[in-house]
Protein chains: 2
Amino acid sequence: MRRKVTLKQIAKELDVSISTVSRALNNSKEIGEETRQKIQAFAKFYNYKPNNIALSLKNRKTKTIGILIPEIVHHFFSTVIRGIEIVANQRGYNVIVGLSNESFSKEVINMEMLANGSIDGFILSISKETLLHQDYHHFKETINQGIPIVMFDRVVNEIDCDKVIVDDYKGSYNAVKKLISNGCKNIALITTMDYVSVGKLRTQGYLQALEDNKIHPKSSLILKLDDSLALEEHLDILEGEIEEFFNRNSQIDAIFAVNELYAVTAMKVARKLEYNIPEDIQVIGFTDGVLSKHARPSLTTVSQHGQKIGEQAAHLLIDRLLLDDEEIESENIDLEIDANFKTIVIETDLIERDSTK
Amino acid sequence: MRRKVTLKQIAKELDVSISTVSRALNNSKEIGEETRQKIQAFAKFYNYKPNNIALSLKNRKTKTIGILIPEIVHHFFSTVIRGIEIVANQRGYNVIVGLSNESFSKEVINMEMLANGSIDGFILSISKETLLHQDYHHFKETINQGIPIVMFDRVVNEIDCDKVIVDDYKGSYNAVKKLISNGCKNIALITTMDYVSVGKLRTQGYLQALEDNKIHPKSSLILKLDDSLALEEHLDILEGEIEEFFNRNSQIDAIFAVNELYAVTAMKVARKLEYNIPEDIQVIGFTDGVLSKHARPSLTTVSQHGQKIGEQAAHLLIDRLLLDDEEIESENIDLEIDANFKTIVIETDLIERDSTK
DNA sequence: TGTCAACACGCAAACGTTTTCGTTGCGTAT
DNA sequence: ATACGCAACGAAAACGTTTGCGTGTTGACA
């Protein structure tokens, strides 16, 4: 077992000083050609690579970004991570992942853990519990410590930072508009509780699309489901809820669901009740995941472009990190002033498949 | 913006030495009760938290583990990550994720990047390209530098390290046995090219199950597909291949597929060709993902328990890291001797759903 | 021959910790 | 009064880098 070689060891071996070795390896022209060659050859032979931790300590930056998301076994979130990772890697950053599991305390713990020097900035999506409690002190403190945050998808106005969001409103607006132009009159909405911001926006888009087309929204056609039903183990309960919903509202001719699972479950129930899709009932879901592509019939969805979201978020964060560097170098003190936070909106696409006409 | 407070700042402010502050905060009894209280109160007020990077440098361990996987938008891999993250967090570790995207060079780059001090050990699954080239020098070098590796799922005998694998052989053996006991005579296998070890093992299990039941395997009933077909964009090609396969072999009464996608695609094609499932053709897939649960009919699968794999892998790695620590403290030099690598086999389960009788 | 660049390199500080080894001051036993 | 032990704290090294500054050795030039 041969541990990694350090500058000190090289220096001792070649009988020069540590600084000489460092400069030689960094191709400083302060070092004579001969010694430089010798040192570089030696270093190459022993496969010298500078120690990242030491560099991090010295430079006060780690070149890694922290990702904090509620769940990783989830098509959307993992797609975002992929986008982040690609850009991060391109630009010389690593990613360290923390999972909140939708829990407030885990989110706080994870954040504090990583904020103590482990990362240069965060990219995160807020956990449901945090959104419910509306307690955002950990975000504020982190930002106050000079650690930039980029939020995506589940964001919140109270926090001043860069954001990347999906146009949930327009996405569902267009989806519902599509259903209307396909001749649907009684369009049902299957959604979640309101405290998740994206759910609220998607509901608003639904309502607005109806109104703009002179259709009076009926509250009976809106099914609000508890989040816990989205868990795999409660799938049958979810089906039951939706089935009752259908039975209460036999006039339904279209369904817009705020996520993929609700949509495919609705399709499953509809077929069980002997509705034909898309002839009797047309269905559109939000979030284009693996289920939508392979459902039967394949599901028309509002695609969120998760990877692009991740890429944009990573660019935003890294841009800001580099900007901060420059400002520190130029001893520019008006850091507070030019904060200039951006919110990037990623447009959704309606991917038409077989669940709509 | 208030940057994080350091020991030095506390020391200066309270007019004591850095060492006193450090000891006071660590509750050393070398420090007088009074000063200790004072320092702790001050530290608490300014929310002092030790800098992780400095600790890492001092302790020569980072308390983070590197995960290196081919792909993250993948039910199995993300499930494994979740398992790793849970255990890692419990035991005080962070996880940093690198994606090889099935590429050899990206795997090497990522590994070298992280091996320079950023992590204490690796948990990884080998990329297809690496398996194809059979070039494992980067694993060997990493291990040689004293950085332990735990491999999962896609492992390789050439490398001596801890491993967590699925019993691919027995899993597919039992699946095929089930099909046979359900009365199937002409069981087709849809698999990948051989160089992915798990694919090979699953094929072997298939063959052995047939032989043990006096069924002569026919090569015409084995469809080997190129991996690239598994990509979303080539879905129609995949369907075409499978459709031709069906047409060549009209006697097929069961299908065993080595992954979820092949299985559901086969079901889709079978239905298109007006076979009934499970009456005419029964189907079993490997890898229990989201597709299997929601396919129509729902797919009987061999479940791999990805989360458990991740948890076991994390335990193996962390156990070894702690073991190494002890050995260093006791200056035990016979590190090489008691390597004692384990291979944990996670048994699969056959989850019976509606695609089998 | 003396002066002064230019060159090539070493010293030491700094990043933020922990920890070993002192160093005080003071009370107590001899 | 001397020695000794102990409590309470400080100085400094170490982890592995980078970098500003100092220094010695050249060579050229006046």
Side-chain angles (χ1 to χ4, degrees), chain A residues 3-40 42-43 46-64 115-120 145-146 325 328-329, chain B residues 3-40 42-43 46-63 115-120 145-147 325 328-329:
Chain A
R3 277 233 129 73
K4 298 233 60 163
V5 60
T6 70
L7 287 187
K8 188 192 288 193
Q9 293 169 27
I10 299 183
K12 189 198 282 185
E13 209 71 28
L14 263 49
D15 205 46
V16 290
S17 78
I18 294 179
S19 22
T20 301
V21 179
S22 174
R23 279 189 260 255
L25 295 179
N26 290 324
N27 282 316
S28 161
K29 52 218 158 323
E30 283 195 74
I31 303 299
E33 185 60 19
E34 195 180 357
T35 30
R36 212 189 52 180
Q37 298 280 351
K38 183 178 64 179
I39 291 175
Q40 290 196 351
F42 190 92
Y46 280 100
N47 192 29
Y48 168 80
K49 296 276 167 50
N51 181 302
N52 281 333
I53 297 294
L55 283 180
S56 295
L57 185 58
K58 179 114 241 300
N59 301 330
R60 293 148 128 243
K61 67 182 81 145
T62 61
K63 288 281 177 180
T64 91
N116 295 319
S118 299
I119 53 99
D120 294 341
Q145 284 174 18
D325 287 353
I328 287 175
E329 278 184 35
Chain B
R3 276 233 129 71
K4 298 231 60 166
V5 61
T6 72
L7 286 188
K8 188 192 286 193
Q9 294 169 27
I10 299 183
K12 188 198 281 185
E13 211 69 29
L14 264 49
D15 204 46
V16 291
S17 77
I18 295 180
S19 19
T20 300
V21 178
S22 175
R23 277 190 265 254
L25 295 179
N26 290 326
N27 283 317
S28 160
K29 52 217 157 325
E30 283 196 73
I31 303 300
E33 186 60 20
E34 194 181 356
T35 29
R36 213 189 52 183
Q37 298 279 353
K38 183 180 62 180
I39 291 174
Q40 290 195 353
F42 190 92
Y46 282 100
N47 192 29
Y48 169 81
K49 296 275 167 50
N51 180 301
N52 280 333
I53 297 293
L55 284 179
S56 296
L57 185 59
K58 180 115 241 304
N59 300 330
R60 291 146 132 246
K61 66 182 82 142
T62 61
K63 289 280 178 183
N116 294 319
S118 301
I119 54 99
D120 294 341
Q145 285 175 17
I147 302 178
D325 287 352
I328 287 174
E329 277 183 34

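Numbers restart at 1 for each chain; the letters A, B, ... are given by sequence-line order, proteins then strands. Note that this is a predicted model, so its numbers are computed, not measured.
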* Can you tell me if the side-chain N/O atoms of B/Ser22 get under 4.0 Å from OP1 or OP2 in C/dT17? -> no
* To do: Could you identify which residues of residues 48-56 of chain B place a heavy atom less than 4.0 Å from some atom of DNA chain D, listed by residue number, or say none?
  => none
* Closest non-hydrogen atom pair between B/Val5 and B/Tyr46, with its separation -> CG1-O, 3.5 Å
* **Pairwise 5' ranking along DNA chain D for B/Leu57 and B/Thr35, keeping only the more 5' one** => B/Thr35
* **Given D/dG10, C/dA12, D/dT18, the nucleotide with the shortest approach to the side chain of B/Ser19** => D/dG10
* To do: Mark yes when over 12 heavy atoms from residues, nucleotides or ligands other than A/Glu33 sit less than 6.0 Å from its CD; otherwise mark no.
  => yes
* Verify, without hydrogens or angle tests, whether B/Ser56 (side chain) and B/Lys63 (backbone) share a donor-acceptor contact under 3.5 angstrom. => no
* To do: Indicate whether OP1 or OP2 belonging to D/dG16 is found under 4.0 Å from a side-chain N or O atom of A/Thr6.
  => no
* To do: Figure out the CD1/C1' separation between A/Ile18 and D/dC21, and round it to whole Å.
  => 17 Å
* Taking atom P of D/dG16 as reference, at what distance in whole Å does atom CG of B/Asn59 sit? -> 12 Å
* Asked: Of the candidate nucleotides D/dC15, D/dT18, C/dC9, which contains the atom at the shortest distance from the side chain of A/Leu7?
  -> D/dT18
* Show the numbers, then the answer: is there a side-chain hydrogen bond (donor to acceptor under 3.5 Å, both in side chains) between A/Asn51 and A/Lys4? => CA-CA 9 Å; A/Asn51 181 302; A/Lys4 298 233 60 163; over 6 Å; no
* Asked: For B/Glu30 and D/dC6, what is the distance between atoms CD and P respectively, to the nearest whole Å?
  -> 14 Å
* Asked: Which nucleotide in the set D/dG10, D/dG20, D/dC21 lies at the smallest distance from any side-chain heavy atom of B/Thr20?
  -> D/dG10
* Atom pair distance, as rounded to whole Å: CD in A/Gln37 and C1' in C/dA8 -> 15 Å
* **Rounded interatomic separation in angstrom, taking CG from B/Asp325 and P from C/dT18** => 16 Å
* Asked: For DNA chain D, whose closest nucleotide is more 5', that of B/Lys58 or that of B/Lys29?
  -> B/Lys29
* Asked: Rounded to whole angstroms, how far apart are CG on A/Leu25 and P on C/dC9?
  -> 13 Å
* To do: Please say whether more than 12 non-hydrogen atoms of neighbouring residues, nucleotides or ligands are located less than 6.0 Å from NZ in A/Lys12.
  => no
* **Closest to the A/Lys8 side chain, choosing from D/dC15, C/dC9, C/dC15** => D/dC15
* For D/dT17, take OP1 and OP2 only and decide whether either is under 4.0 Å from a side-chain N or O of A/Arg23. => no
* First locate atom CZ of A/Phe42, then atom OG1 of A/Thr35, and finally report the distance between them rounded to the nearest 0.5 Å. => 14.5 Å
* Could you give the distance from CD1 (A/Ile119) to OG1 (A/Thr62), rounded to the nearest 0.5 Å? -> 6.5 Å
* Contact class for A/Asn26 vs. all strands (heavy atom < 4.0 Å): base, sugar-phosphate, or nothing? -> sugar-phosphate
* Asked: About how many Å separate CZ of B/Arg23 and CZ of B/Arg36, when rounded to the nearest 0.5 Å?
  -> 14.0 Å
* Distance, rounded to the nearest Å, where A/Ile31 contributes CD1 and C/dG10 contributes P -> 7 Å
* Gap between atoms CG and C1', on A/Asn27 and D/dT19 respectively (whole Å) -> 16 Å
* Measure from the side chain of B/Ser17, starting at C-beta and using heavy atoms only, and say which of D/dC21, C/dT17, D/dG10 lies closest. => D/dG10
